[in-house]
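Everything on this sheet refers to the single structure shown next.
What's counted below: heavy atoms across the whole structure, side chains too, no hydrogens, waters or symmetry copies. By convention here, the first residue in the shown sequence is residue 1.
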Amino acid sequence: MERAWQFSLVVLMVLLLALSAWQTLEPTRTIPYSQFLELLENGKVAEVTLSGDQLRGQLKQPEKEGWKLFSTRPVNPELAELLARHNVKFSNEGSGGSFWGELALWFLFPLFLVVIMTAGLRRLREPGENRLDSFGASRAKVYEEKNIRTTFAEVAGVDEAKADLEEVVSFLRNPRDYNRLGAHLPRGIMLVGPPGTGKTLLARALAGEAGVPFFSINGSEFVEMFVGVGAARVRDLFARAKKSAPCIIFIDELDALGRARSGVSGLSGHDEKDQTLNQLLSELDGFDPQRGIVLLAATNRPETLDPALLRAGRFDRHVLVDRPDKNGRLAILKVHVRGVPLAPSVDLSEVAGLTTGFTGAELANLVNEAAIIATRRKAVSVGPDDFVGALERLVAGLEKKTRLLNPAEREIVAFHESGHAMVALALPGTETVHKVSIIPRGIGALGYNIQRPAEDRYLTTRRELETKMAVLLGGRAAEMLIFGVPTTGASDDLDKATSLARHMVMRYGMSDSLGLATVADEQPLEKRACSEETAARVDRSVRELVEQAFRRALEALERNREPLERMARALLQKETLNADELPQPVWRGDAYDGDHRAAPVEQVG
């Protein structure tokens with residue numbers, strides 16, 4: 001009834017405005033009052049009508065221009081007589097309009113605005129997303145069972161994490177089986193792992209398997225500039241969840257909300273975050289897990305979380321969602337290639353072996369890039385070369401064939417990249433060299449080596465770390481051996497080698513001078529809890545490790561100078577060499593003496 005009345009008012013308003021507009025379109029000539037007096041003096045006026053300050057009239061005969069109706073505004077008679085006596089043209093410019101136009105403008109239009117505003121305020125007072133206090137309501141998106149089609153079958157490479165979460169599915173489906181012996185699920189389950197490993201996907205799959213409502217929200221959406229808004233949203237989220245139990249609450253990027261609180265209240269500038277975190281802790285203590293409310297959270301920075309979140313009774317269970325191993329990567333690749341036509345020669349096991357350290361998101365990106373490359377060459381299926389090209393695209397960057405180097409620079413780059421590859425081939429314990437190229441890629445890379453480990457490794461020895469530094473410095477060693485002068489092309493290699501040496505000294509206890517003592521390396525030296533003498537010893541140890549690695553690289557290249565030059569000449573000619581095209585070293589290092597330096601023990605002809 002109310003909407004019908006509002007609609008009738010709108011129709012009436014439109015009709016009045018249309019009537020006013022129609023009246024303004026009548027063939028009526030507005031003339032000066034002096035012209036009216038002249039027409040009246042000449043006897044041409046048939047009739048007139050005076051309405052307020054508006055005078056309308058009709059002529060006896062149309063004028064030459066074809067108009068017969070006219071309107072004007074009267075002028076004071078005395079002033080009109082004075083102006084007419086001096087032959088002055090005069091008129092009265094008023095601001096009035098038609099009666100219907102005046103009515104629509106001054107009465108109905110304000111009434112129309114009042115009605116619209118009243119209806120809008122009434123809608124804002126109603127519960128829902130558009131209510132007036134919605135800035136304090138939760139922004140969580142609720143997914144019903146029919147909207148979540150993700151299942152555990154679509155999640156691969158994290159079998160241990162899935163096994164942990166399958167208990168949650170069983171509890172949500174059959175809570176009596178767990179309550180029979182007094183057991184209950186943990187109040188909170190935290191998914192911990194690097195970015196891209198599938199934490200959010202696991203949470204959605206859990207909701208899809210259990211068939212319960214899914215409340216999903218990002219931790220940053222709780223915190224606003226207004227103090228108290230975040231706490232209100234936490235209360236609103238848990239209130240909605242209790243009405244929809246059994247259900248799942250998923251808070252992504254928990255570190256944005258649950259960062260460790262500062263020790264001095266009021267001085268940190270994070271009072272709003274502290275209040276929001278306090279409210280979350282209160283809700284965790286207040287809800288009964290036997291009602292079927294499961295709280296999931298995901299973070300890739302668990303070390304930054306407040307200890308109160310991690311104590312028993314809150315986020316009791318931590319589920320590690322780590323980078324997949326080779327079998328896990330193979331399973332993930334099989335999931336992502338379901339809709340991709342593969343050539344018969346594609347061996348996904350080999351692709352999984354080349355992608356050590358890749359996360360699920362990176363593997364999905366790899367498959368997509370390979371499909372794009374195959375589409376670009378108008379192929380009917382994705383082949384092995386497409387996966388290699390996609391891997392190069394992701395690891396080394398976009399190929400830039402238009403970046404032309406002068407002959408001298410190309411020669412330096414060829415020996416630089418050959419130096420990396422030859423040291424990797426000559427020294428033991430290095431990663432397999434798959435390709436060497438002098439085609440510029442990415443930002444500032446004038447050439448690249450693709451080296452991938454032959455198997456998944458979880459521990460690294462000191463010897464392997466020193467060999468890795470020697471490979472990093474192989475480019476600089478080749479420049480010094482062949483040209484006798486260093487270039488800026490080794491800047492990134494020097495950064496990586498220095499960082500690796502610093503970790504060996506400060507974190508891994510692999511320094512002969514410092515022994516097993518470690519030094520915190522997350523802060524500048526001047527802020528660390530160590531003496532100046534210790535800091536100086538750290539610097540000396542780092543420098544010694546880097547210089548020792550450079551000597552090993554230089555020695556390996558001196559003993560393999562002939563294959564090094566052959567590799568560089570082949571690169572200058574072909575620009576890219578695969579593993580089977582690389583010259584093999586004539587000398588291989590195989591052992592260390594007491595000073596951890598390479599010793600020649602084998603001659604390869």
Side-chain angles (χ1 to χ4, degrees), residues 194 255 259-260 262-263 300-305 307 323 357 416 419-420 423-424 426-431 444-445 449 451 453 457-481 485-558 589 591-599:
D255 48 278
R259 193 181 302 273
S262 59
N300 49 44
R301 302 177 64 191
E303 69 279 358
T304 65
L305 295 178
R323 298 178 185 272
H416 181 102
H420 287 303
V423 173
L427 298 182
T430 59
E431 298 176 347
N449 273 253
Q451 295 177 246
R457 297 289 304 275
Y458 303 100
L459 290 175
T460 308
T461 65
R462 173 177 175 173
R463 177 180 298 185
E464 290 169 340
L465 291 175
E466 290 174 340
T467 301
K468 186 173 183 179
M469 283 195 297
V471 174
L472 286 170
L473 298 175
R476 169 58 64 87
E479 294 174 0
M480 297 302 296
L481 177 65
V485 292
T487 69
T488 58
S491 60
D492 186 60
D493 301 329
L494 294 175
D495 287 341
K496 292 179 179 178
T498 304
S499 176
L500 183 56
R502 191 170 294 278
H503 279 78
M504 292 174 62
V505 172
M506 304 177 69
R507 295 180 59 183
Y508 305 147
M510 295 181 180
S511 169
D512 294 334
S513 60
L514 267 71
L516 302 180
T518 62
V519 182
D521 60 347
E522 299 298 329
Q523 297 178 345
L525 280 173
E526 61 270 13
K527 295 184 179 180
R528 291 177 189 149
C530 65
S531 64
E532 294 184 2
E533 180 184 356
T534 300
R537 291 167 62 189
V538 167
D539 289 340
R540 285 196 301 269
S541 298
V542 170
R543 188 178 299 108
E544 288 175 0
L545 286 174
V546 174
E547 291 177 352
Q548 182 184 106
F550 178 76
R551 289 195 299 268
R552 284 191 68 201
L554 188 60
E555 180 183 9
L557 294 181
E558 287 174 345
Y592 290 87
D593 58 16
D595 294 331
H596 302 286
R597 295 185 58 187

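- A donor-acceptor pair is defined here as one N or O able to donate and one able to accept, closer than 3.5 Å; such a pair exists between the side chain of Arg537 and the backbone of Ser513.
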> Checking side-chain contact (heavy atoms from CB on, under 4.5 Å) for the pair Thr518/Tyr508: CA distance, chi angles, key distance, verdict?
Replying inline: CA-CA 7 Å; Thr518 62; Tyr508 305 147; over 6 Å; no
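- In terms of heavy-atom proximity, Val546 sits nearest to Ala501 at CG2-CB, 3.8 Å.
- Side chain of Glu464 to main chain of Thr461: a donor-acceptor pair is present (N/O by atom type, distance under 3.5 Å, no hydrogens or angles).
- Although no hydrogens or angles enter the test, the distance criterion places a donor-acceptor pair under 3.5 Å between the side chain of Arg476 and the main chain of Thr487.
- Nearest heavy-atom pair across Ser541 and Val505 is CB-CG2, 3.8 Å.
- Here Leu514 contributes atom CG and Arg540 contributes atom CZ; the two are 9.0 Å apart, rounded to the nearest 0.5 Å.
- Heavy-atom minimum distance, Glu558 versus Leu481: CG-CD1, 3.7 Å.
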>> Does Met510 form a side-chain contact (heavy atoms from CB on, under 4.5 Å) with Leu465? I'd like the steps, not just the answer.
In response: CA-CA 10 Å; Met510 295 181 180; Leu465 291 175; 3.7 Å; yes
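- To the nearest 0.5 Å, the span separating NE2 on His416 from CG on Asn449 amounts to 8.5 Å.
- Expressed to the nearest 0.5 Å, how far NZ of Lys496 lies from CG of Leu473 amounts to 12.0 Å.
- For Asp495, the salt bridge (Lys or Arg N to Asp or Glu O under 4.0 Å) criterion is met by no residue, not counting sequence neighbours.
- Expressed to the nearest 0.5 Å, how far CD of Glu544 lies from CG of Asp539 amounts to 11.0 Å.
- Under 4.0 Å is where a charged nitrogen must lie from a carboxylate oxygen, and between Arg462 and Glu466 at least one such pair does.
- Atom CD of Glu303 sits in a crowded spot, with more than 12 heavy atoms from other residues, nucleotides or ligands closer than 6.0 Å.
- The CG atom of Leu500 sits 6.5 Å away from the NZ atom of Lys468 when rounded to the nearest 0.5 Å.
- Between the side chains of Thr467 and Arg552, a donor-acceptor pair is found at a separation under 3.5 Å.
- With Thr430 contributing its side chain and Ala424 its backbone, the two residues share a donor-acceptor pair below 3.5 Å.
- Evaluation of the side-chain hydrogen bond (donor to acceptor under 3.5 Å, both in side chains) rule for Gln451 yields no partner, not counting sequence neighbours.
- Nearest heavy atom pair, residue Leu494 against residue Thr498, reads O-OG1, 2.7 Å.
- You'll find the side chain of Met504 stays beyond 4.5 Å of the side chain of Ser511, heavy atoms only.
- Atoms NE2 and CG, from His420 and Leu557 in turn, are 10.0 Å apart once rounded to the nearest 0.5 Å.
- The nearest pair of heavy atoms linking Met469 to Ala497 is SD-O, 3.5 Å.
- Nearest heavy atom pair, residue Val538 against residue Arg502, reads CG1-NH1, 4.0 Å.
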